[in-house]
Amino acid sequence: MSVIAERLSRIKPSPTIAVTTKAAELKAAGRDVIGLGAGEPDFDTPDNIKQAAIKAIEAGQTKYTAVDGTPALKQAICDKFKRENGLDYTPAEVTVGTGGKQVLYNALMATLNPGDEVIIPAPYWVSYPDMVLLAEGEPVSVPCGANHNFKLTPEALEQAITPKTRWIILNSPSNPTGAAYTAEEMKALTDVLLRHEHVWVMTDDMYEHLVYDGFEFTTPAQVEPRLKDRTLTVNGVSKAYAMTGWRIGYAAGPQALIKAMAKIQSQSTSNPSSISQAAAVEALNGTQDFIAERAEAFKARRDMVVEMLNDCPGIHCHKPEGAFYVYPSCAGCIGKKTPDGKAIESDEDFVTYLLESVGVAAVHGEAFGLSPHFRVSYATSTEALKEACSRIKQACEALTD
Ligand code: PLP
């Protein structure tokens, strides 16, 4: 008899982590590999935030804290929601976890009964369906193709809702496409949701601050205040403040839900690191100047990557509103042959070919639920990106009919 629980057979390990690991292994073996799989900023955590953590250690803030966040951090989060999103929350409506990932997981574990459906627009962040499955729910993937700029339409949303729908997960700007909803597009979705009172909204706003060309970020509870009492607004410091390793994410929502999420956390990890929480207070309360500067750097990289990828035969790349990803189509390469005679039959074949032939590691679209595409993260240096894109071009040019 296997020692492994049956529930494990429902899920797969994160394919994005798998790509990053494979690229690192090849590099360690001496291969010249450029990794475009990373889901984290290449910038360092700003100094004022590091100093706040050092101070917290020196001041002895090294003990357990309240399970779902210190009062100081919860207050900083309330102030952030008010300042940046025009949302009024009290500390009792706020929870803090070990990364946005744990917060999302807690929410699904706390709310899903077996068979409850969760609408997930595809392409999606790889963890949503697997987290739903672990919580014994049913992920309902709704394809959102390039023809709709990878965004969910109100019609598609309406069609996907059933009496069993518990949540819709929205993620704007999106991982893996960078697509973000304008206030008008978001309103069209919230209008549908207003008509379906049993559906709750889980909005993953992790990439809020990474938007370009003057794009204005919006979140569902802001666009439609009547949805606030069935919305969980999830955010975190990982992406905006380059703090992926510190593991702090948070959410605001109705108190009963927040309490249920804290109950799960109290029997799993307890509080997130006390030191990381002190650092997150400084991130949210301290200077925000570097955010715009870094966003400028990301925008310049996005523009370069989009232009260079569109110059590759067989590739078509849209220009997204935010995040640090693009999600080009490789439809024009499917059906072709590599120089050593292998057929490219899927986006997975295509990214394997890129890795093996020119040492570029990207993630295949199938992992995100929409093919034939691949995800390129441009959270890496301009030089590396330039080299990677010319290698992709070289690889595409070498394909034959
Ligand atoms: N949500 C999205 C869309 C993400 O891309 C990520 C990280 O890659 C997360 C949530 C989780 O972030 P963290 O757990 O670092 O806060």
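Both counts, for ligands and for their atoms, begin at 1 and track the order of listing.
- Shown are Ile264, Thr111, Thr95; of these, the side-chain contact (heavy atoms from CB on, under 4.5 Å) with Asn106 is made only by Ile264.
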Could you list the donor-acceptor pairs under 3.5 angstrom formed by side chains in residues 122-139, with sequence neighbours left out?
residue, atom, partner, partner atom, Å
Tyr128, OH, Asp204, OD2, 2.6
Asp130, OD2, Lys12, NZ, 3.0

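- Under a cutoff of 6.0 Å and an axis angle of 45°, Lys228 and Tyr89 form a cation-pi pair.
- Phe43 and Phe298 have their aromatic ring centers within a separation under 6.0 angstrom.
- When ring centroids are compared, His318 and Phe150 come within the 6.0 Å threshold.
- Ring-plane geometry between Phe324 and Tyr207 is classed as perpendicular, the angle between the planes exceeding 60 degrees on a 0 to 90 degree scale with a lower cut at 30.
- Pocket lining of ligand 1, defined as residues with a non-hydrogen atom under 4.0 Å away: Gly99, Gly100, Lys101, Trp125, Tyr128, Asn171, Asn175, Asp204, Met206, Tyr207, Ser238, Lys239, Arg247.
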